[in-house]
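Below is one structure, written out as structure tokens; comments come after it.
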Amino acid sequence: SYSNITTPTGYEIIRETENGIETVTLGKPVASIGDRYYTSIQDAFAASSTSSNNASTIELLDTVAITSTVTFPETHYAKLNMNGHTIKRTNGSYTITNKGTLTISKTGTISNTFHAIYNQGTLTIDGPTIASTSTTQSYYGIINMKEVNVNSGVVKGPLGGITNGTGDISSTGNEVINVAGGEITNTSNSTTSIYVRKGQATISGGTIEGGTGVSVYTGTLKVTGGK
């Protein structure tokens, strides 16, 4: 037990296990799962549950500026609570690539001057802002290649909020976008907020703002609510 160790303000005991051997260091964590602390978001993602019946809850503890994409692994399950913090990137590729089943919850921001999130798994947005902050009409908040569910929060970008694939990344036709709440916005107000290149989109709530609103290329669109 390490409960009798006094740590300086802002520091926590970081416990890591490799090949059955646990190492203990003192560090400034950016995320936690239960009583385990992690100095990088990637480490927290890697430590998340592989059981669909016991998803991890990852608490973001501080604002983080990253210089390379963090990937949530395939066959992993977690909820990431933003807790008012920001994960941001201003260089290169995506901020987050999701390959597993990931819910991003509570207020906070995931941003990039590129596309913010590349989704290859099941992604649920429930509270935060997902934003491409670029000033050029080239980038989306989320590129979706599988399933995106928006319940609350904001998804925005100068080219649009969400797209099923892009011109450079072919759409398979199996992509799904479900919007039950929140706000999907085209920040340039001149293109489309949701682009159903292929696959399908269902809008049952929320607000779609900016430009065309929703554009359908060869996919399908079902609207039962929202504005």
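Hydrogens, waters and symmetry mates are skipped; everything else that's a heavy atom, side chains included, is used.
Each of Ile87, Thr133, Thr129 was compared with Thr109 under the side-chain contact (heavy atoms from CB on, under 4.5 Å) criterion, and only Thr129 meets it. Here the rule is side chain to side chain donor-acceptor pair (under 3.5 Å) with Asn144, and of Thr163, Thr166, Asn164 only Asn164 fits it. Screening Ile110, Thr95, Val30 for a side-chain contact (heavy atoms from CB on, under 4.5 Å) with Val64, the sole residue that qualifies is Val30.
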Worked check of side chain to side chain donor-acceptor pair (under 3.5 Å) between His76 and Ser48 = CA-CA 6 Å; His76 282 236; Ser48 64; 2.9 Å; yes
task = Begin with the C-alpha distance, continue with both residues' side-chain angles, and end with the deciding distance and a verdict on side chain to side chain donor-acceptor pair (under 3.5 Å) for Asn186 and Glu209.
result = CA-CA 6 Å; Asn186 169 265; Glu209 292 187 329; over 6 Å; no
key: Trace of the side-chain contact (heavy atoms from CB on, under 4.5 Å) decision for Asn53 with Tyr77   = CA-CA 9 Å; Asn53 297 319; Tyr77 303 84; over 6 Å; no
key: Trace of the side chain to side chain donor-acceptor pair (under 3.5 Å) decision for Thr69 with Arg89   = CA-CA 8 Å; Thr69 302; Arg89 184 177 182 183; 2.9 Å; yes
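Of all heavy-atom pairs between Pro158 and Ser134, the closest is CG-O, 3.5 Å. Gly141 and Val155 get closest at one heavy-atom pair: CA-CG1, 4.3 Å.
Looking only at side-chain heavy atoms (C-beta outward), Ile194 and Val179 come within less than 4.5 Å of each other. In this structure, the side chains of Ile33 and Tyr38 come closer than 4.5 Å at one or more pairs of heavy atoms. The shortest side-chain heavy-atom distance between Ile142 and Ile125 falls under the 4.5 Å cut-off.
Between His115 and Tyr140, the two ring planes are parallel [angle under 30°; tilted spans 30° to 60°]. Note: Phe45 and Phe72 have perpendicular aromatic rings, judged against thresholds of 30 and 60 degrees for the angle between ring planes.
There is no path of hydrophobic side-chain contacts, each under 4.5 Å, that joins Val154 to Ile130. Hydrophobic clustering, with ILVMFWY side chains joined whenever heavy atoms are under 4.5 angstrom apart, groups Val216 together with Val150.
In this structure, the separation between NZ on Lys79 and CD1 on Ile58 is 11.5 Å, given to the nearest 0.5 Å. Between the CG atom of Leu159 and the OG1 atom of Thr192 there is a distance of 9.0 Å, given to the nearest 0.5 Å.
A donor-acceptor pair shorter than 3.5 Å can be found between the side chains of Ser152 and Asp126. Using modelled atom types, one finds no donor on one side chain facing an acceptor on the other under 3.5 Å when comparing Ser105 with Thr103.
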